[in-house]
Each structure stands twice: as C-alpha cells, then as structure tokens.
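Quick notes on the structure that follows.
Residue numbering restarts at 1 for every chain, and letters A, B, ... go by the order of the sequence lines. Computed from a prediction, not measured in an experiment: that's the story for all the values here.
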Amino acid sequence: MIVLADCNSFYASCERVFDPLLRGRPVLVLSNNDGCVIARSKEVKELGIAMGAPYFQVAARCEAAGVAVFSANFALYGDMSRRVMTHLREASPSVEIYSIDEAFLDLQGLADPEAFCRDLSARVERNTGIPLSIGAGPSKTLAKLADDAAKKLPGGVLVLHDDAARRALLQSRDLEDVWGIGSRLAPRLRALGLISAWDLAGADPEMMRQRFGLPVARCVRELRGESCLELEEVAPAKQSLCVSRSFPGELRGRDPQLEAALIGHVLRAAEKLRQGGLKAGAIQIFLETSAFRCAGRHDAAFRRLAEPSDDSLALSRICGDLLRGLSQPLCLYKKAGVILLDLVDASCWQPLLGSDEGARQRRSDLMNAVDKLNQQLGRDSLRPLAAGLLQARDKGKVRLSRRWTTSWSDLPETH
DNA sequence: TCTGGGGTCCTAGGACCC
DNA sequence: TCTGGGGTCCTAGGACCC
C-alpha cells in the first residue's frame with residue numbers, strides 16, 4: 001500500500017501557525033514581486049480566486065472579502081516542511097519526499113492502514129500545526145488521486161481498500177485530476193471518447209503507448225492498480241540548477257542593473273552548488289522580455305567549462321562575458337536567469353592534467369570562508385562588487401511575515 | 001501599471017560511426 | 001536503372017509536476 005501525505009494549503013497553513021487570528025480567515029500567499037497567487041486557504045478557494053491568478057486582477061475582491069494577503073516567506077515554509085517531513089520519516093521506514101509539502105510512504109503489511117493514516121495526520125497537526133490530508137492505494141497514481149478526494153472528506157483520509165473503492169473513485173474523477181495528465185493531453189484523450197479517470201484506466205496500455213508515449217501508458221497501468229513508479233527514497237542526483245527572477249519593472253539590455261541582477265543569480269547558484277557538494281560542467285544564461293507584450297522573446301547563451309567548477313568568481317566572470325554577447329541594448333527585459341548544467345559530485349571528479357592544484361585549493365578555501373561568513377552574518381553580507389551595491393532588500397514587502405523559526409530576531413514572543 | 005520559480009522525463013530527428 | 005544495416009550521442013521541443 002502506497003500512501004501520499006500532503007499538507008493542506010501548505011504556505012497559507014504555515015502563515016496561520018504563528019498567527020491564530022488567521023484561523024477561519026481567508027489566507028492567500030503571493031509569488032515573487034507579489035505577482036501571482038501561489039497558495040490559497042479553503043476560504044480563498046471558495047471565493048473563486050484561481051491558483052496562479054495575477055494579484056492585480058483579484059486584489060479588489062480580496063480587499064472586499066477581508067483576505068489576509070502574504071508575500072512568500074520561503075525561509076518559513078522550508079523550515080516548516082522540514083518539521084513535517086521529520087514526523088513522516090518517524091512513521092515509516094521508507095519515505096520519498098516528493099515536494100515541499102508532499103511525501104509518499106510505503107506501508108507494507110499494515111493491519112489497519114486507515115487507522116494509521118488518521119493517527120499520522122493527527123500527530124503531524126498536533127506537533128507542527130500543519131493540517132494534512134492522506135490518500136492510500138496500490139500505486140502512487142492511485143494514492144495521489146485518493147488524496148485529492150480525501151481533501152474534501154471530513155477526516156481528510158481516503159484509503160482504497162479494494163476494487164470497488166477504486167472504481168467508485170475513478171468514476172468520479174476527470175482526466176485532469178489524474179497525476180500525469182495535464183491540460184494538453186486531456187483534450188486529446190477526450191477526443192478518443194475517454195472522459196473519466198475510469199475510462200482512462202480501461203484503455204489499452206500498448207495502444208496508449210503508441211499514440212501518446214510511455215508516460216501515459218504507465219499512467220493507465222497505475223490507475224489499474226499496477227504499481228509502475230518506484231518509491232525514490234534517495235533523491236536522485238540533481239542534473240541542473242536554475243536561479244531566475246522577474247524584475248519588478250523592465251530593464252534595457254545595457255542597464256548595469258541587469259548585469260548586477262544576473263551576477264546575483266549566479267552567486268546564489270554557485271552557493272547552492274557548494275551546499276550540495278556539486279560542481280557545474282556548463283553554464284547558460286537567459287533573458288526574457290515580457291510574455292504579455294507582443295511577441296515575447298527568450299535569448300540564451302551557453303558555455304561549456306574547461307573543467308567543472310563551483311567557484312563564484314569564475315562563474316560570475318563567464319556570466320558577464322555571456323551577457324555582453326547576448327543582450328540587445330534596446331530590448332526591454334522582464335526576467336533574467338542562470339542555469340548550471342552537467343552537475344557532477346565535487347568529490348569525484350578529475351582535475352585537468354597539469355592544472356594548478358594549489359591555486360584551486362586557495363580559491364576553494366576562499367569560497368568556504370565567504371559561505372561561512374554569509375551564514376553567520378546573513379545572506380549577501382559579503383559578495384563581489386559586480387553584483388551591485390546591496391539594494392534595500394524586500395523593500396515594499398509589507399506583506400512579508402516574520403521568519404518565526406529561522407531567525408533569532410524574529411522569534412515569537414509570549415506573554 | 002501590475003502576470004512566479006524550479007525542476008524532470010520522453011521523443012523525434014540529425015549527425016556521426018563502423 | 002539500381003545505393004545497407006545497425007548503432008550511439010546530442011539537441012530541441014513538448015509534456016508534465018510542485
């Protein structure tokens with residue numbers, strides 16, 4: 001039996017944990033630049049505010065309904081996620097952390113899975129303040145579907161005990177509700193007369209493979225109760241890493257702020273490399289104009305490195321070179337990003353013959369020292385001038401809650 | 001005025017090899 | 001007139017996920 005445990009309205013629930021006045025009130029969390037809606041409490045969903053809606057389109061409605069609106073506070077959400085996952089790991093020896101708010105658990109030979117799930121849900125909520133819903137079934141895809149339905153049930157738990165339960169669930173769900181069937185595939189499947197998840201489960205897997213590819217064929221088998229997707233208890237090594245941001249406004253191709261932003265991104269990316277014990281074999285930068293103006297464009301430049309690197313300064317320099325070759329002076333860019341590719345384990349990679357081992361060691365020591373200082377003094381305390389003078393960070397982010405669990409100065413007070 | 005960020009997998013087609 | 005067979009690697013694009 002595979003179980004999916006999923007936090008309800010995760011980001012919104014995190015905000016509620018430290019502010020009891022928010023309970024029962026509609027709560028909404030926004031993306032970077034306060035651009036889009038990325039999390040909604042049940043009450044906000046009931047107001048008909050869509051996931052991903054641009055905030056400016058729904059702001060008036062939110063105001064009228066007294067919605068509590070927050071800027072994304074990822075320091076808080078990341079730490080709350082870690083707490084939830086700790087409890088899930090205690091509950092089962094095999095756990096796959098699938099996303100910041102979801103995990104699959106393998107429950108073999110459990111006498112009463114339903115009681116187990118109810119107990120788990122209650123324990124996590126009591127110990128972290130985060131409400132869970134739980135679905136269980138013979139495959140990951142069925143567990144996902146069961147969980148989705150469980151969110152609407154009073155206890156928040158749905159276990160597919162037998163074929164009758166599976167059939168009843170599948171007959172009540174649309175194609176798009178199925179994990180792996182998105183907005184492109186669903187209409188093509190409907191054109192074949194497949195309307196419900198049950199119809200998809202009844203399709204011939206081989207025929208589906210030929211017409212739609214392997215993932216859809218697997219999806220069909222999983223819906224039938226045949227487990228095709230393994231639990232990945234050890235996260236597979238990352239292949240690429242991306243840091244990108246939209247600008248609050250737009251920047252011209254030669255604007256120094258554009259280069260500063262991009263260097264900032266590459267520094268963050270290099271820091272992530274070192275945290276993960278990785279080096280990058282190649283780097284790509286990209287610039288995008290607004291997709292909402294006529295003919296949005298995406299420009300990219302790529303370079304393979306002579307040898308894998310996690311060196312902030314070396315990567316920044318390449319990044320600057322690439323940018324000068326790429327940016328169009330007159331273009332108005334809305335977004336910039338850095339992608340590091342061909343990632344390898346920093347501990348098992350062979351240096352070039354004849355390269356200067358001493359210099360490399362000194363540079364590595366320097367990076368470690370920088371990381372350590374930034375950890376102690378706060379992110380970006382020490383960084384190259386090329387990344388620009390530090391802007392007043394989070395300026396105007398009046399909607400940002402405190403870092404209740406990760407910063408001494410933000411600890412909650414009790415009286 | 002204002003529209004997020006970060007990933008993976010699969011497939012088809014081209015280049016190239018013997 | 002007529003032009004093989006079998007393989008790998010790489011890339012771009014499309015689809016999906018949270």
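- Whole-Å rounding puts the L145(A) CG to dC17(C) P distance at 12 Å.
- Distances from the side chain of R184(A) to the nucleotides dC16(C), dG7(B), dT8(B) place dC16(C) closest.
- In this structure, D342(A) pairs ionically with R304(A), as a charged nitrogen and a carboxylate oxygen lie closer than 4.0 Å.
- Listed pair N32(A) / dG5(B) meets the phosphate criterion, a side-chain N or O lying under 4.0 Å from OP1 or OP2.
- Residue P215(A) has its side chain nearest to dC10(B) when only dC10(B), dC16(C), dC17(C) are considered.
- Nearest to the side-chain atoms of C36(A) among the listed nucleotides dT8(B), dG4(B), dC17(C) stands dG4(B).
- OP1 or OP2 of dG6(B) has at least one side-chain nitrogen or oxygen of S244(A) nearer than 4.0 Å.
- Taking 4.0 angstrom as the limit, K334(A) places a side-chain polar atom (N or O) nearer than this to OP1 or OP2 of dT3(B).
- Both tests do not hold together for K334(A) against F247(A): distance to the six-membered ring centre under 6.0 Å, angle to the ring axis within 45°.
- Within the nucleic acid shown, S183(A) comes within 4.0 Å of sugar-phosphate atoms alone, with no base atom in reach, counting heavy atoms only.
- Mapped onto DNA chain B by nearest heavy atom, K238(A) and F292(A) fall at different nucleotides, with F292(A) at the one closer to the 5' end.
- For dT3(B), neither phosphate oxygen OP1 nor OP2 lies less than 4.0 angstrom from any side-chain nitrogen or oxygen of S290(A).
- Distances were taken from every side-chain heavy atom of V243(A) (C-beta onward) to each of dG6(B), dC17(C), dA15(C); the shortest belongs to dG6(B).
- Salt bridge absent: E125(A) and R118(A) never bring a charged side-chain N and a carboxylate O closer than 4.0 Å.
- With rounding to whole Å, L229(A) atom CG is found 14 Å from dC10(B) atom C1'.
- At whole-Å resolution of the value, OH in Y11(A) and P in dC18(C) are 12 Å apart.
- Contacts of Q57(A) with the nucleic acid, taken as non-hydrogen atoms under 4.0 Å apart, are absent.
- With dC18(C), dG6(B), dC10(B) as the choices, the nucleotide that has an atom nearest any side-chain atom of W179(A) turns out to be dC18(C).
- For the OP1/OP2 pair of dC18(C) and a distance below 4.0 Å, the side-chain nitrogens and oxygens of K144(A) include at least one atom meeting the criterion.
- Taking only side-chain atoms of C242(A), from C-beta outward, the nucleotide of dT8(B), dG7(B), dC18(C) with the closest atom is dG7(B).
- I100(A) comes within 4.0 angstrom of no nucleic acid atom, judged by non-hydrogen atoms across all strands.
- Note on ring orientation: taking the six-membered ring where Trp is involved, the planes of W179(A) and Y98(A) are perpendicular (angle over 60°, cut-offs 30° and 60°).
- Counting any heavy atom pair closer than 4.0 Å across all strands shown, R209(A) reaches no nucleic acid atom.
- Each of dC18(C), dC10(B), dG5(B) was ranked by its minimum atom distance to the side chain of L214(A); first place goes to dC10(B).
- The side-chain contact (heavy atoms from CB on, under 4.5 Å) test with P131(A) singles out one residue from C7(A), S9(A), S13(A), and that residue is S13(A).
- For S31(A) and dT3(B), the shortest distance from a side-chain N or O to OP1 or OP2 is not below 4.0 Å.
- For the pair R218(A) and dC9(B), the criterion of a side-chain N or O lying under 4.0 Å from OP1 or OP2 is not met.
- Nucleotides of DNA chain B nearest to E232(A) and G52(A) differ in position, and the one nearer the 5' end is that of G52(A).
- One can place OH of Y333(A) at 18 Å from P of dT3(B), the figure rounded to the nearest angstrom.
- If you check every strand for non-hydrogen atoms under 4.0 Å, Y55(A) touches nothing.
- Taking a 6.0 Å sphere around CZ of R211(A), one finds it holds 12 or fewer heavy atoms contributed by other residues, nucleotides or ligands.
- Atom pair E222(A):CD and dC17(C):P shows a separation of 13 Å (rounding to whole Å applied).
- Which of dG6(B), dT3(B), dT11(C) sits closest to the side chain of R304(A) comes down to dT11(C).
- One interatomic measurement links the two molecules: CZ of R211(A) to P of dA15(C), which rounds to 16 Å at whole-angstrom precision.
- Nucleotide dT11(C) has dA12(B) as its partner under the Watson-Crick or G-U criteria, with both atom distances under 3.5 Å.
- Nucleic acid contact class of L185(A) (heavy atoms, under 4.0 Å, all strands): sugar-phosphate only.
- Contact check on K144(A) versus E102(A) returns a salt bridge, with a Lys/Arg side-chain nitrogen under 4.0 Å from an Asp/Glu carboxylate oxygen.
- Note on V178(A): only backbone sugar-phosphate atoms sit closer than 4.0 angstrom, heavy atoms only; bases stay farther off.
- Atoms CD1 (I339(A)) and C1' (dG6(B)) sit 10 Å apart, rounded to a whole Å.
- Checking N73(A) against S401(A) by side-chain atom types alone, a donor-acceptor pair falls below 3.5 Å.
- Comparing dC18(C) with dT3(B), their P atoms are spaced 25 Å from each other, to the whole Å.
- The separation between L340(A) atom CG and dG6(B) atom P is 12 Å, rounded to whole Å.
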